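Structure, as structure tokens:
Quick caveat: nothing in here was measured; it's all calculated off a predicted structure. Hydrogens, waters and symmetry mates play no part in the numbers below; they use all other heavy atoms, side chains included. Just so you know, ligand 1 is whichever comes first in the structure, and atom 1 is the first atom listed for that ligand.
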Amino acid sequence: MTLPTFTEHALPYCVFSRGADSPRVGAGLGTYIVDLHRTFGDPIFAGPSLNAFMSRGPRAWQRTRERLLGSVRGGQIGELVPIAEATLHLPFEVADFADFYSSLEHATNAARVLRPGDPQVHRNWREMPVGYHGRAGTVVVSGTPVQRPRGQLAPGHARPELAPTRRLDFEAEIGFVVGVGSALGQPVPAGAFTQHVFGVVLLIDWSARDIQAFESRPLGPFLGKSFATTISPWVIPLAALEQSRVPPPAQDPEPLSYLRESLPWGLDIDLALSINGQVISRPRFATMYWTGAQQLAHLTVNGAALRTGDLYGSGTVSSFRHDEMGSLLEMTTGGRDPITLPDGQTRSYLADGDTVTLSGSAPGPDGSRIEFGSASGQVTGPAG
Ligand code: CA
């Protein structure tokens, strides 16, 4: 796999270890990791997660970033560890995990596949970022194998059987990572996005379409979505994405006031999806209808509290163009039209042994690119 190269404009955070060293917080620079504990001596970087640092809030994040940048430019970096020699761990303890459904193209494509007789996007979709709660304990770091899940499959009108999914799929997403929590009963306005959200990760929402299809009437998704969610080991700070901001698509009708933003958080992130190293699609995050700030406002409008380590997925990033779609469900029209990979193999859904990789980058200062690294998982056969 190609290793990322991070410019001084990116400086993404990670949790890494080398050899027998215990996991600690680092920052990506070039093809190296800056050991932040050994560089700054702050014990907050000595632990195996970003949570304590993230909970300090945006002023501390900014101070650390400026200090790090100053050290880089002054050639005063402490210990550097080659990324190639490091093990990268789950970068934060995931508190709650929710997943949205905020691409109009994805919602439209999915409705056409799943409800051909009633292919309209439901009327609530343009009024709020629709989402569901996932399972925080099944969020795993890139490189963790993804075991093909079992569940109740009921094609046609037959009684269900308990069997390994035959329709294993992925969804290409961005995940937003909450640093600063909020008080119970206090909704967070969309304008407070940067006061709470620390950064973003790449996110693969593994999905068992046949399990999902039978269990999701009328509630769901449930087990068909909550066996594994893969995130990248690098958390890109929001501060690195200032040059990546773009206006999101126009929203019609105008959303309710709690969902309005004065400076919307559209983000020009280019994604690339590959199966077994062969790129099959390049979804564009700039097309997303609802922004991360609107999703945060919606997530808390009922007074629910945020916690450090909360993670919420953007929803599948997709398109009406085949080469920009974010799931096999869409690319293969629900498995009916298999795709041909560059090596000539065909897929309706994933096969055991397949490795799915999501990578991404966004515009940075002076024509540079902010690299996101990658999130990757290999499908293994069912247990037992
Ligand atoms: Ca999803």
Side-chain angles (χ1 to χ4, degrees), residues 94 96-115 121-122 124-125 128-140 142 144 146 149 151 165 167-178 200-213 215-216 219-232 267 269 271-273 280-281 283-285 287-292 294-296 298-299 310-319 324-332 334-335 349-350 356-360 372 375-377 379:
V94 183
D96 283 312
F97 171 47
D99 194 20
F100 286 98
Y101 187 57
S102 289
S103 156
L104 182 57
E105 292 82 357
H106 174 67
T108 303
N109 293 339
R112 284 178 186 153
V113 172
L114 301 174
R115 301 192 305 273
V121 171
H122 291 307
N124 63 355
W125 195 92
M128 67 175 88
V130 170
Y132 67 95
H133 277 280
R135 195 159 182 161
T138 61
V139 176
V140 295
S142 177
T144 307
V146 175
T165 177
R167 298 190 164 204
L168 185 58
D169 197 358
F170 51 78
E171 296 188 338
E173 307 194 16
I174 290 292
F176 294 92
V177 184
V178 172
V200 305
V201 291
L202 299 164
L203 186 149
I204 302 174
D205 173 17
W206 301 94
S207 304
R209 300 300 182 192
D210 38 11
I211 298 173
Q212 184 186 357
E215 74 180 359
S216 297
L219 293 179
F222 193 44
L223 303 180
K225 286 278 199 175
S226 59
F227 52 94
T229 298
T230 299
I231 62 170
S232 55
L267 285 169
I269 303 168
L271 300 173
L273 261 172
I280 55 165
S281 166
R284 294 184 307 120
F285 192 79
T287 62
M288 296 299 277
Y289 189 89
W290 296 105
T291 71
Q294 291 176 312
Q295 291 169 335
L296 187 74
H298 189 62
L299 203 54
D310 281 355
L311 170 69
Y312 59 97
S314 61
T316 313
V317 185
S318 201
S319 169
E324 295 177 355
M325 289 179 175
S327 68
L328 285 174
L329 176 84
E330 297 165 87
M331 294 176 205
T332 69
Y349 287 99
L350 294 170
V356 177
T357 302
L358 178 64
S359 58
F372 284 41
S376 185
V379 177

Which N/O/S atom belongs to [X] and is the closest one to the Ca ion (ligand 1)?
| X | answer |
| --- | --- |
| Glu171 | OE1 |
| Asp99 | OD2 |
| Asp205 | OD2 |
| Glu173 | OE2 |

Any donor-acceptor N or O pair under 3.5 Å, side chains Glu324, Ser281: no
Roughly how far, to the nearest 0.5 Å, is [atom2] of [Y] from [atom1] of [X]?
| X | Y | atom1 | atom2 | value |
| --- | --- | --- | --- | --- |
| Tyr101 | His106 | OH | NE2 | 5.0 Å |
| Leu273 | Leu328 | CG | CG | 8.5 Å |
| Lys225 | Thr138 | NZ | OG1 | 11.5 Å |

